[in-house]
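All values below were derived from every heavy atom in this structure, side-chain atoms included, with hydrogens, water molecules and symmetry-related copies excluded. In what follows, residues are counted from 1 in the order of the sequence shown.
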Amino acid sequence: MRTISSAAARRVALAAQGLADRRPRGTPTRRNLRSVLSRIQLLQLDSVNVAVRAHYAPLFARLGPYPPELVDDAAWSHSARKPRLLVEYWAHEASLIPVRDWSLLRFRMRDLQRRYLDDPGSVANNAPGLADEVRAAVKDLGPVGAGRLERELGADGSRPKGGWWNRSEVKRVCEWLFAVGELTTATRNGFERRYDLPERVLPDEVLNAPEPGREAAARELVTRAARAHGIGTEPDLRDYYRLRPGMSKAAVAELVEEGVLEPVTVRGWREQAYLHTQARVPRTVPGRALLCPFDPLVWNRERAQRVFGFHYRIEIYVPRQRRRYGYYVFPFLLDGRLVARVDLKADRASGTLLVRGAFAEDGVDHGRVAGELAAELTTMAGWLGLDDVRVDDRGDLAPALRRSG
């Protein structure tokens, strides 16, 4: 079994995530979007909008300033010239996945349906009539949001229709039908899902694609995870699509036997590592990037600690007085290392990107890190349509960052 250094493993991980590539010189295009998606495989969705929504940020980290319409068009619109590239489903949490991957997750749709049906308290058992009404309403009205469905079904009390359903039941039924693949998201209004039938959203070749068995689907999903990670432990690969341990372990064993994965030892890692046999090992990883909390490079906090020596926890749900770094903290990547973190907020009313805290990792050159970080924050502010960057006092990097700005 080969042994590789932790530094080499770190470079493999960065290259696999597209963070060892140079950013496009001109305005990024749909081709650049496809290139990033071929590496990271999916974009996690999250409702927090304190700085920028999670599904936009990973592309900024890899492409620099790009038109957000690239994602919007790929995920929530379709035309002959620009066919839909992405669809929403539960992958690594709620995610945008390539439309071709829909069939790979059908086993999850069936598993979730069984879970709903086995739960006596679920809407699948307590509101079957409402489900029929929601299906019919979406067929007539879609794409349609839960709010309008509530009004159409009388859940807001305005129309005594159906079974006098309440708002929460309508939304829960929508989410159940979404989870089992009977509804999907056609588009969004702000961050509100507009539900529609899959046959009106997905192309026929996707809907009619042969469904792989569970084992084949797991093997393909682990292959995608290994391509996205470059190198990782079995739990790393399992986590990318939130697979069950048994499915993941069996898939890893088969991929080792097929020569897709190579077991390796990484110095400093306690766990067995697996290297994708086509993974690239760059000699250096220049450049910089701001990574949102839901970027696939850092969303697995244990992996971030192991690969980068970077202890990272999201503190959204921590009371303010107990937060160490802040509410919505972006790690800063510079020349292949996570060297700092900044608590960011986009104050759109004042046109300012607020740095509410700036913290350096141990042993870094504050002056150089602050200079590179200031430049990247200015770039981000411009991308978000903000006019200025303001640095507050919190954090040991804040003084140098203010001077660099």
Side-chain angles (χ1 to χ4, degrees), residues 5-15 17-23 50-52 57-65 268 282-299 301 303-315 323-347 352-384 386 388-405:
S5 69
S6 59
R10 186 169 59 247
R11 295 196 302 272
V12 168
L14 289 165
Q17 282 281 305
L19 287 161
D21 299 337
R22 293 189 181 278
R23 291 175 174 176
V50 66
V52 58
L59 292 164
F60 172 76
R62 290 154 180 81
L63 300 176
R283 297 183 68 178
T284 60
V285 181
R288 66 191 185 215
L290 282 162
L291 307 170
C292 86
F294 302 102
D295 190 288
L297 188 73
V298 294
W299 66 28
R301 312 309 188 202
R303 176 175 168 85
Q305 179 78 54
R306 185 186 335 110
V307 177
F308 296 98
F310 190 80
H311 184 269
Y312 184 40
R313 298 293 184 271
I314 191 166
E315 298 181 282
R323 290 177 195 147
R324 182 176 180 185
Y325 295 111
Y327 181 82
Y328 202 70
V329 174
F330 283 62
F332 182 53
L333 176 72
L334 180 63
D335 294 340
R337 292 183 176 275
L338 297 176
V339 296
R341 58 190 92 201
V342 283
D343 182 22
L344 297 182
K345 176 177 179 173
D347 187 342
T352 304
L353 180 62
L354 301 177
V355 182
R356 300 192 291 187
F359 307 84
E361 293 298 287
D362 292 341
V364 304
D365 180 335
H366 283 212
R368 180 167 185 271
V369 169
E372 295 284 349
L373 178 55
E376 191 67 4
L377 289 167
T378 298
T379 301
M380 174 181 268
W383 174 60
L384 294 175
L386 304 173
D388 194 16
V389 178
R390 193 184 82 204
V391 182
D392 290 346
D393 294 334
R394 287 189 69 243
D396 60 342
L397 190 61
L401 188 58
R402 277 199 300 274
R403 289 193 297 270
S404 295

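- A donor-acceptor pair under 3.5 Å links the side-chain atoms of Arg402 to the main chain of Asp392, judged by distance alone.
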Take Tyr327 and Asp343 through the side chain to side chain contact (heavy atoms under 4.5 Å, CB included) test and state the conclusion after the steps. CA-CA 7 Å; Tyr327 181 82; Asp343 182 22; 4.2 Å; yes
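- With a 4.5 Å cut-off on side-chain heavy atoms, Leu290 and Leu373 count as touching.
- Note: Leu397 CG to Glu361 CD = 10.5 Å, rounded to the nearest 0.5 Å.
- The structure places OG1 of Thr352 at 12.0 Å from CG of Leu384, a figure rounded to the nearest 0.5 Å.
- Side-chain contact check for Val285 versus Leu333: every heavy-atom pair is 4.5 Å or farther apart.
- Of all non-hydrogen atoms in Pro65 and Thr379, the two that sit nearest each other are CG-CG2, 3.5 Å.
- Looking at Arg11, its side chain does come within 3.5 Å of a backbone N or O of Pro282 through a donor-acceptor pair.
- Heavy atoms from other residues, nucleotides or ligands lying under 6.0 Å from CZ of Arg288 number more than 12.
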Start with the C-alpha distance between Arg368 and Val339, add both sets of side-chain angles, then the distance that settles side chain to side chain contact (heavy atoms under 4.5 Å, CB included), and finish with yes or no. CA-CA 11 Å; Arg368 180 167 185 271; Val339 296; over 6 Å; no
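- Looking at Phe294 and Pro58, their side chains never come closer than 4.5 Å, going by heavy atoms from C-beta outward.
- The aromatic rings of Tyr328 and Phe330 stand perpendicular to each other, their planes meeting at an angle above 60°, with 30° marking the opposite boundary.
- Listed for the Asp347 side chain is no donor-acceptor partner under 3.5 Å among the backbone atoms of Leu353.
- Side-chain contact between Met380 and Leu344 is present, with heavy atoms from C-beta onward closer than 4.5 Å.
- At least one side-chain heavy atom of Arg62 sits less than 4.5 Å from a side-chain heavy atom of Asp295.
- Residues Val391 and Ala398 approach most closely at CG1-O, 4.0 Å, considering heavy atoms.
- Residues Phe308 and Leu14 are in side-chain contact: their nearest non-hydrogen atoms beyond the backbone lie under 4.5 Å apart.
- Residue Ala374 comes nearest to Leu401 through the heavy atom pair N-CD1, 3.7 Å, listed as atom of the first residue, atom of the second, then distance.
- The shortest non-hydrogen separation linking Ala57 to Val52 is CB-CG1, 4.0 Å.
- Residues forming a salt bridge (Lys or Arg N to Asp or Glu O under 4.0 Å) with Arg306 (at least two apart in sequence, or on another chain): Asp236, Glu271.
- Put simply, CZ on Arg341 and CG on Leu291 are 11.5 Å apart, with the number rounded to the nearest 0.5 Å.
- Counted within 6.0 Å of CZ on Arg324, heavy atoms from surrounding residues, nucleotides or ligands total 12 or fewer; the atom is thus considered open.
- Considering every non-hydrogen atom in both Ala13 and Leu297, the closest pair reads O-CD1, 4.3 Å.
- In this structure, Arg23 is positioned above the aromatic face of Phe60, its NZ or CZ under 6.0 Å from the six-membered ring centre and within 45° of the axis.
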Where do Leu334 and Val364 land on the side chain to side chain contact (heavy atoms under 4.5 Å, CB included) test, with the steps shown first? CA-CA 11 Å; Leu334 180 63; Val364 304; over 6 Å; no
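- The side-chain heavy atoms of Val389 and Val355, taken from C-beta on, include a pair separated by under 4.5 Å.
- Within the 3.5 Å criterion, the main-chain N or O of Ala360 finds a donor-acceptor partner in the side chain of Asp396.
- Remark: side-chain polar atoms of Tyr325 are not paired, donor with acceptor, to backbone N or O of Tyr312 under 3.5 angstrom.
- Counting heavy atoms from C-beta outward, Arg394 and Arg356 have side chains that stay 4.5 Å or more apart.
- A donor-acceptor contact shorter than 3.5 Å is absent between the side chain of Glu376 and the backbone of Ala289.
- Residue Pro286 comes nearest to Asp335 through the heavy atom pair CA-OD1, 3.6 Å, listed as atom of the first residue, atom of the second, then distance.
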